[in-house]
> 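Provided herewith is a single structure, encoded as structure tokens, for subsequent inquiry.
A, B, ... follow the sequence lines: proteins, then strands. Residue 1 opens every chain.
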Amino acid sequence: MGLYNPRDSGDSNEGSGIPGVEKVVFYQRPSFGLKIWGPFVPASDNLTALYSLTALQTVIGITMFRTVRMRWRDTSFWGRVTKGANAIGGSYVLFNSGLEVSRLLLPYDPWYDEAKRARESAIAQGKKPNWWFGPLDQKPMSLAEWNEKMDVWILDQEENLDRQSTALVGSPEIKMGYNHIKEQNTRRQSEILEQLQHNTFERNRPLHQSKVALRELHNPKHQVVIPEEYQSEENSDFYEIWDLNDPWNVLANDANILVRFIPASVDIKADDKVQESTTS
Amino acid sequence: MLRSQVGRVARVINPAKFHNSRWQAVRSSSRYSGYGTYPPRRSWTKTMLTLIGGLGVVGGVTWWLYWPHHTFSSSVAKILRKGLWAESDREGNDYKKALEYYIEALQLAQSENLDPLSDEYTGIQLKIGQMYEQLSMFPEALMIYTEICSNYLVALTTPGAVSNSLRPHLIQKDLRVVIKCAQLNTSDPQMCKLMLMTHLLVAQEEVAKKSAAVAKLISRDSLRADQEDVSITSDANTVEESLKDPTKLQLNRGAWEPFRDELFNARELYVALCISTGDIWTAARTATATVAWMINAECSPVQIIECQNNLGSVLFLNAEALGNKISQGTRSGMDESELNQLRQGQKQSLKSSEKCYESVLQFSKRLPTEIRRAEGMEESIALATYSLGVVKLHNGELIPARNLLREARLRAKAAGYEELIQNAENELGKVRDALEKTNPSKESPSDANQIEALLEAHDKGPSDFTVDVAKSTR
């Protein structure tokens, strides 16, 4: 694991640098086959960058082989040297690309998890990690640790093979229940649609008021947003508006709840006063 | 068109670049020799363009697979667009009109055989549900949400119905809908409980599949445990230990994604439902397991602290429930050994509850300031302080209780946590009453008086308990 330090690397002169500029010890990001890039290897959770760099490396390797082929008949001394160097370099680079791709294809990668965790915790602390490198002060685990975690993971997976092959099987009642509900809903929808079309629709009163008051939850205040530039319905882009108001996102927001219990000691004053739950 | 351009470029470049005898020799032997001065069998530009083209195709496929896109038929899309406009403020939030369009769109989609599991189909259903809610038609809304999640349940429990790569995403959506159902179905908490449990089991099984270690952790779960015993509190200590040193833990976030947050929200809701149906034992078991799982799933410190607070409160409630059982048992002449067991359980619960709050307070002190500033953190700390005060009051330690409650009131005011300010005022009132009762001469209360106050408190029946379910702002 290389250590890359952009400024001079003595610990003694800490604080003597430019005021406001923190000294960052930067550790090279780990990889299997991108070692030739030195400190420019991207963070292990930046898959886009990792794949692009691997692709670039592959292109370089192919170029080198191509040079060999182009100069195939060149038998001069420098011609031979160039061919030899390109052949060796090309195979090395391509072999490394293969290594990196095989790592990227692994279903589990401790480095990926580690880098992702570091990036998220940096964001949680209000820092803005570098897109390419992740948080600069993060120190990735060594290859030995990586191996160890991988071993644990493989054993863990082996132990779980039985479970992975079994599927939860539901009872036929679930299916019947679904069909029943669907039928009922379809009927009710036709009913409501008819009433709406003939202007006989009466808004239902809620049948029951809940004991647990969930007023705010019951009355979602999400408004459909239509971009300013659209003047009329006919000329608007449906997919843009739909994505902007995606019902699944609205639901995700509704389902993001916070449950808190507030205990209270025995009320000495009155027994009949029952505190109702409220939303905050 | 592109090809001919390439050819032209190659023609311009090649003679100049490769005007050298070696290359000529190769070329003349190639089968393209009939073309005259060009081209080489594979030109560099062509290779490059092929590569870029290939990358473009790969990128396109990736985009197609991962970018959210909708494929409504154009006729359905047209009706939906009308609905969206009717719903918006451009046309005066006409929810009735919008509902009409959405039902029409669903009927059309049904006649076009759109897959009911697709995001398009469920999207229309959700829209109908939202309109029902806007129109206060909650039973109808509940029914349509129930339809969506029943269909997910059928698909998820039919072998081979859903591909393995799609399952996690369906589960995530399923949990969201189930949470919504539980929020709407306030008349039948037992039904909600059952429903949440069924869907949670499917989700938890999915997590267990991903790792044997997590599977072991989950198998200790409470949801299906039948045997009742009072020693549910053994896990509270390990939780406290783990909060102290998170680096020692085995973490496995990947197994819980992508539905981690939905799963824990649903479990917290399940605990709340257990409490409201009086099933405190299940609530305590579930809450205990949830904290341990949350740590394994690498939830944020605020989430863990909130859950730990809830666990403390559930344990406190459990202690009170056991206290009631004891007083009932004493009256009805219960077996002495059984009574002792209950007392043991009560003592343990109370102690664990206290520990939960204490560990929250200690843990929060060590957090970096950035994390302490996270939203909800101050409220959680205020709540832990308050709850610890309540436990102390319950134990008859009046002076520490008063100090803690005052601190909690102060923190709640700073955080703008109105609900807690009110509760703290109430509890402080009780402390004042108790202090006057036990010690009119304003000296510090003796042990005997404390015990007396404690016994008195026990005979008052079940305690107050507020379940606070709010929309998270995070």
> Could you tell me which portion of A:Ser121 (side chain, backbone, both or neither) has an atom closer than 4.5 angstrom to a non-hydrogen atom of chain B?
neither
> Would you compute the distance between atom CD of B:Glu306 and atom CZ of A:Arg260 and round it to the nearest 0.5 angstrom?
4.5 Å
> For A:Tyr51, enumerate each residue passing the ring pair (Phe, Tyr, Trp, His ring centres under 6.0 Å) test, keeping only those at least two apart in sequence or located in another chain.
none
> Of the backbone (N, CA, C, O) and the side chain (C-beta and beyond), which part of A:Tyr108 lies under 4.5 Å from a heavy atom of chain B, both, or neither?
neither
> Please answer whether the main-chain N or O of A:Pro263 pairs with a side-chain N or O of B:Tyr386 as donor and acceptor at a distance below 3.5 Å.
yes
> Quick one: list whatever passes side chain to side chain donor-acceptor pair (under 3.5 Å) with A:Glu120, sequence neighbours left out.
B:Arg253
> Please look at A:Thr48 and chain B and tell me whether the side chain, the backbone, both or neither of the residue comes under 4.5 angstrom of a heavy atom of that chain.
neither
> Could you go step by step and tell me if A:Gln189 and B:Ile144 meet the side-chain contact (heavy atoms from CB on, under 4.5 Å) rule?
CA-CA 10 Å; A:Gln189 278 155 18; B:Ile144 196 142; 3.2 Å; yes
> Please classify the contact of B:Lys78 with chain A as side chain, backbone, both or neither, using a heavy-atom distance under 4.5 Å.
backbone
> Contact part of A:Val59 toward chain B, heavy-atom cut-off under 4.5 Å: side chain, backbone, both or neither?
side chain
> Under 6.0 Å between ring centres: does that hold for B:Phe72 and A:Phe238?
yes
> Using a 3.5 Å distance criterion without hydrogens, assess whether the side chain of A:Asn185 forms a donor-acceptor pair with backbone atoms of B:Glu147.
no
> Measure A:Gln157 against the heavy atoms of chain B and call it side chain, backbone, both or neither at under 4.5 Å.
side chain
> Determine, step by step, whether A:Val224 and B:Lys127 satisfy the side-chain contact (heavy atoms from CB on, under 4.5 Å) criterion, reporting the C-alpha distance in whole Å, the side-chain angles of both residues, the deciding distance to 0.1 Å, and the verdict.
CA-CA 11 Å; A:Val224 164; B:Lys127 270 282 158 211; 4.0 Å; yes
> Under 4.5 Å, counting heavy-atom pairs only, tell me which of A:Lys175, A:Glu158, A:Lys182 racks up the most with chain B.
A:Lys182
